[in-house]
**Q** 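For reference, the structure I am asking about is given below.
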Amino acid sequence: MNKEIFLCAICNINSGTCNEDCKFCSQSVRYKADIQRYKQKEMLHILDEAKTARENGALGFCLVTSDKGLNSKTLEFVCGIAKILTKEVPELRLIACNGTASLDQLLTLKDAGIKAYNHNLETSRDFYPKICTTHTWDERYETCQNVNKSGLVLISGGIFGLGESDEDRISMLKSLESLNPTSVPINFYHHNEALDLEPNPLDIETAFSLIRLTRKSIPNAERIMIAGGRGLMFGERQDEIFQHGANSIVIGNYLTTNGRISSKDLEMLKSLNLSIAKKVS
């Protein structure tokens with residue numbers, strides 16, 4: 001078990017305004033899920049979240065927008081935030097998660113102080129059309145390739161529990177391995193009754209085995225992060241994820257769902273004699 005755990009926090013700076021039809025995502029306007037929706041979060045709120053994240057031990061701070069990809073307005077918004085946070089909370093490593101992006105857009109983010117870009121493949125190439133029809137899996141893969149070309153750190157993972165087969169999971173992991181991501185966020189589908197998918201069918205032992213499979217399939221990844229759905233999937237057994245290969249977690253709330261109180265996660269790590277990473281390797 002890795003004794004040092006990397007903590008990352010998520011900041012939903014634009015919520016619930018996406019026109020895509022991803023069946024797993026409550027931020028799509030198509031499904032009318034009961035979530036908070038806003039075009040731009042106030043900078044003071046973002047700064048407060050960043051400072052709180054750092055106080056709780058987070059090194060990564062991810063600026064997330066809900067749309068298919070970057071446009072000029074969103075790019076300007078994210079760059080403006082990055083410049084302020086770099087000055088005000090310099091200890092944080094800024095991550096952007098803004099959908100599909102061109103090489104030029106990624107280089108602009110990099111110049112503004114963004115250090116890494118998160119763009120998940122979500123699932124296998126073959127299964128993707130069953131959960132999204134408004135853009136292709138290939139566009140997602142191309143964005144990840146652009147991240148690598150830009151010199152930004154690539155963060156890319158997926159979601160388990162969408163109704164995919166074992167073959168789909170293996171295929172996704174092989175595709176991820178080919179991109180050589182530094183960090184692999186693994187999400188477990190958190191069902192919302194407004195969405196067009198059945199609830200997550202996975203049991204907890206299968207979920208543990210999928211963490212092991214991810215670690216085995218992508219051995220060069222520095223971090224296997226357990227992200228969305230952690231509390232719902234693992235409940236009172238969240239402390240066991242580290243035995244199966246995880247060495248990173250999202251601390252605090254997620255995009256549209258609440259996470260566990262940060263103090264509980266910090267107590268968990270202390271009880272397991274696990275330290276919090278103090279710097280990015």
**Q** Can you tell if the side chain of E91 reaches within under 4.5 Å of the side chain of L59, non-hydrogen atoms only?
**A**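 Heavy-atom side-chain distance check fails, nothing below 4.5 Å.
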**Q** Shortest non-hydrogen contact from C97 to C62?
**A**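 Smallest interatomic distance, heavy atoms only, reads CB-SG, 3.6 Å.
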**Q** Kindly compute the distance separating CG (D265) from CD1 (I249), expressed to the nearest 0.5 Å.
**A**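 One gets 4.0 Å once the value is rounded to the nearest 0.5 Å.
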**Q** Taking CZ in R54 as the centre, count heavy atoms belonging to other residues, nucleotides or ligands within less than 6.0 Å. Is the count above 12?
**A**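 Buried by this count: over 12 neighbours within 6.0 Å.
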**Q** Please answer whether the main-chain N or O of A221 pairs with a side-chain N or O of R215 as donor and acceptor at a distance below 3.5 Å.
**A**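 A pair under 3.5 Å: yes.
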**Q** The test is salt bridge (Lys or Arg N to Asp or Glu O under 4.0 Å); show your working for K130 and D168 and say whether it passes.
**A** CA-CA 12 Å; K130 297 179 181 178; D168 289 315; over 6 Å; no
**Q** Would L202 and L210 count as a side-chain contact (heavy atoms from CB on, under 4.5 Å) here? Give the steps.
**A** CA-CA 10 Å; L202 301 178; L210 290 172; 3.9 Å; yes
**Q** Over all heavy atoms of both residues, which pair between A227 and V250 is shortest? Give the atoms and the distance, please.
**A**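 Smallest heavy-atom distance, with atoms named: CB-CG2, 3.7 Å.
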**Q** Side chains of N146 and T143: donor-acceptor distance under 3.5 Å anywhere?
**A**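 No, because no side-chain N or O of N146 sits under 3.5 Å from a partner of the opposite role on T143.
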**Q** Tell me the closest heavy-atom pair linking F242 and D239, and the distance in Å.
**A**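 Closest pair (atom of F242, atom of D239, distance): CD1-O, 3.6 Å.
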**Q** Is it true that a side-chain atom of S217 and a backbone atom of L213 form a donor plus acceptor pair closer than 3.5 Å?
**A**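 At least one qualifying donor-acceptor pair exists.
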**Q** For L109 and L70: C-alpha separation, side-chain torsions, deciding distance, then whether side-chain contact (heavy atoms from CB on, under 4.5 Å) applies.
**A** CA-CA 11 Å; L109 289 174; L70 276 169; 3.9 Å; yes
**Q** Anything under 3.5 Å between a donor and an acceptor, one on a side chain of residues 45-52, the other on a protein residue two or more places apart or in another chain? List them.
**A**
residue, atom, partner, partner atom, Å
E49, OE2, K41, NZ, 2.7
T52, OG1, D48, O, 3.0

**Q** Tell me if a side-chain donor or acceptor on E88 pairs with a main-chain N or O of L85 at a distance below 3.5 Å.
**A**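 Judged by distance alone, no pair lies under 3.5 Å.
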**Q** Please step through salt bridge (Lys or Arg N to Asp or Glu O under 4.0 Å) for the pair E205 and R237, ending with a clear verdict.
**A** CA-CA 11 Å; E205 296 302 331; R237 296 178 65 185; 3.0 Å; yes
**Q** Residues in ring-ring contact (aromatic ring centres under 6.0 Å, His included) with Y189, at least two apart?
**A**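 Counting only residues at least two positions away or on another chain, Y189 forms a ring-ring contact (aromatic ring centres under 6.0 Å, His included) with H191.
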**Q** Taking all non-hydrogen atoms of both residues into account, name the closest pair between C144 and L121 and its distance.
**A**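 Nearest pair, atom of C144 first, then L121: SG-CD2, 4.2 Å.
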**Q** Is there a continuous path of hydrophobic side-chain contacts, each under 4.5 Å between heavy atoms, that joins L107 to I114?
**A**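 L107 and I114: separate clusters.
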**Q** Would a 4.5 Å heavy-atom cut-off, applied to side chains only, mark S209 and T206 as touching?
**A**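 In contact.
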**Q** Measure across M225 and C8 and return the closest heavy-atom pair with its distance rounded to 0.1 Å.
**A**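 M225 and C8 have their closest heavy atoms at CE-CB, 3.5 Å.
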**Q** Heavy atoms, side chains only, cut-off 4.5 Å: are L179 and Y141 in contact?
**A**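 Counting from C-beta outward, L179 and Y141 do come under 4.5 Å.
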**Q** Does L7 form a side-chain contact (heavy atoms from CB on, under 4.5 Å) with L269? I'd like the steps, not just the answer.
**A** CA-CA 11 Å; L7 303 183; L269 295 177; 4.0 Å; yes
**Q** Identify the heavy atoms of M172 and G157 that sit nearest to each other, and give their distance.
**A**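 The answer is SD-O, 4.4 Å.
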**Q** If I take atom CG from residue L154 and atom NZ from residue K149, how far apart are they, to the nearest 0.5 angstrom?
**A**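 Between atom CG of L154 and atom NZ of K149 there are 13.0 Å.
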**Q** Any sub-3.5 Å donor-acceptor pair from Y117's side-chain atoms to G99's backbone N or O?
**A**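 The answer is yes, because a donor-acceptor pair under 3.5 Å joins these two groups.
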**Q** Which pairs count as ring-ring contact (aromatic ring centres under 6.0 Å, His included) when at least one residue sits in residues 58-87, sequence neighbours excluded?
**A**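 As it turns out, there is no ring-ring contact (aromatic ring centres under 6.0 Å, His included) pair with a partner in residues 58-87 once direct neighbours are skipped.
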**Q** Could you check whether any side-chain heavy atom of H190 comes within less than 4.5 Å of a side-chain heavy atom of N200, counting everything from C-beta outward?
**A**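 SC-SC contact between H190 and N200 ruled out.
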**Q** Please check: side-chain N/O of E164 versus main-chain N/O of F127, any donor-acceptor pairing under 3.5 Å?
**A**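 Here the side-chain-to-backbone pair does not exist.
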**Q** Taking only residues at least two apart or on different chains, which pairs with a member in residues 197-236 satisfy ring-ring contact (aromatic ring centres under 6.0 Å, His included)?
**A**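 Residue pairs passing ring-ring contact (aromatic ring centres under 6.0 Å, His included), neighbours aside: F188-F234, F208-F234, F208-H244.
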**Q** Quick one: does S262's side chain have a donor or acceptor within less than 3.5 Å of a partner on I251's backbone?
**A**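 No: the side chain of S262 does not pair with the backbone of I251.
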**Q** Please check if the side chain of S171 supplies one atom and the backbone of E167 the other of a donor-acceptor pair under 3.5 Å.
**A**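 Looks like no, no N/O pair under 3.5 Å.
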**Q** Any side-chain to backbone donor/acceptor pair from N247 onto E222? Under 3.5 Å, distance only.
**A**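 Looks like yes, one N/O pair under 3.5 Å.
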**Q** Strictly distance-based, threshold 3.5 Å: is any side-chain N or O of R140 a donor or acceptor partner for the main-chain N or O of N120?
**A**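 Side chain of R140 to backbone of N120: a pair is present.
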**Q** Determine whether the side chains of N14 and T65 contain a donor N or O and an acceptor N or O closer than 3.5 Å.
**A**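 Side-chain D/A pair, N14 to T65: absent.
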**Q** So, do F6 and S183 sit near enough that their side-chain heavy atoms are less than 4.5 Å apart?
**A**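 In short, these two side chains do not touch, never coming nearer than 4.5 Å.
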**Q** Any donor-acceptor pair under 3.5 Å linking the side chain of N98 with the backbone of L63?
**A**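 Such a contact is found between N98 side chain and L63 backbone.
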**Q** Within a strict 4.5 Å, meaning less than it, do heavy atoms of the I81 and I84 side chains meet?
**A**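 Side-chain contact under 4.5 Å: no.
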**Q** Mind running side-chain contact (heavy atoms from CB on, under 4.5 Å) on H119 and V147 for me, showing each step along the way?
**A** CA-CA 9 Å; H119 194 58; V147 175; 5.5 Å; no
**Q** Could you list the residues that satisfy salt bridge (Lys or Arg N to Asp or Glu O under 4.0 Å) with E139, not counting sequence neighbours?
**A**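 With sequence neighbours excluded, E139 shows a salt bridge (Lys or Arg N to Asp or Glu O under 4.0 Å) to K68, given in chain and number order.
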**Q** Quick test of your reading: applying salt bridge (Lys or Arg N to Asp or Glu O under 4.0 Å), list the pairs with at least one residue in residues 99-116, sequence neighbours left out, ordered by first then second residue.
**A**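 As it turns out, there is no salt bridge (Lys or Arg N to Asp or Glu O under 4.0 Å) pair with a partner in residues 99-116 once direct neighbours are skipped.
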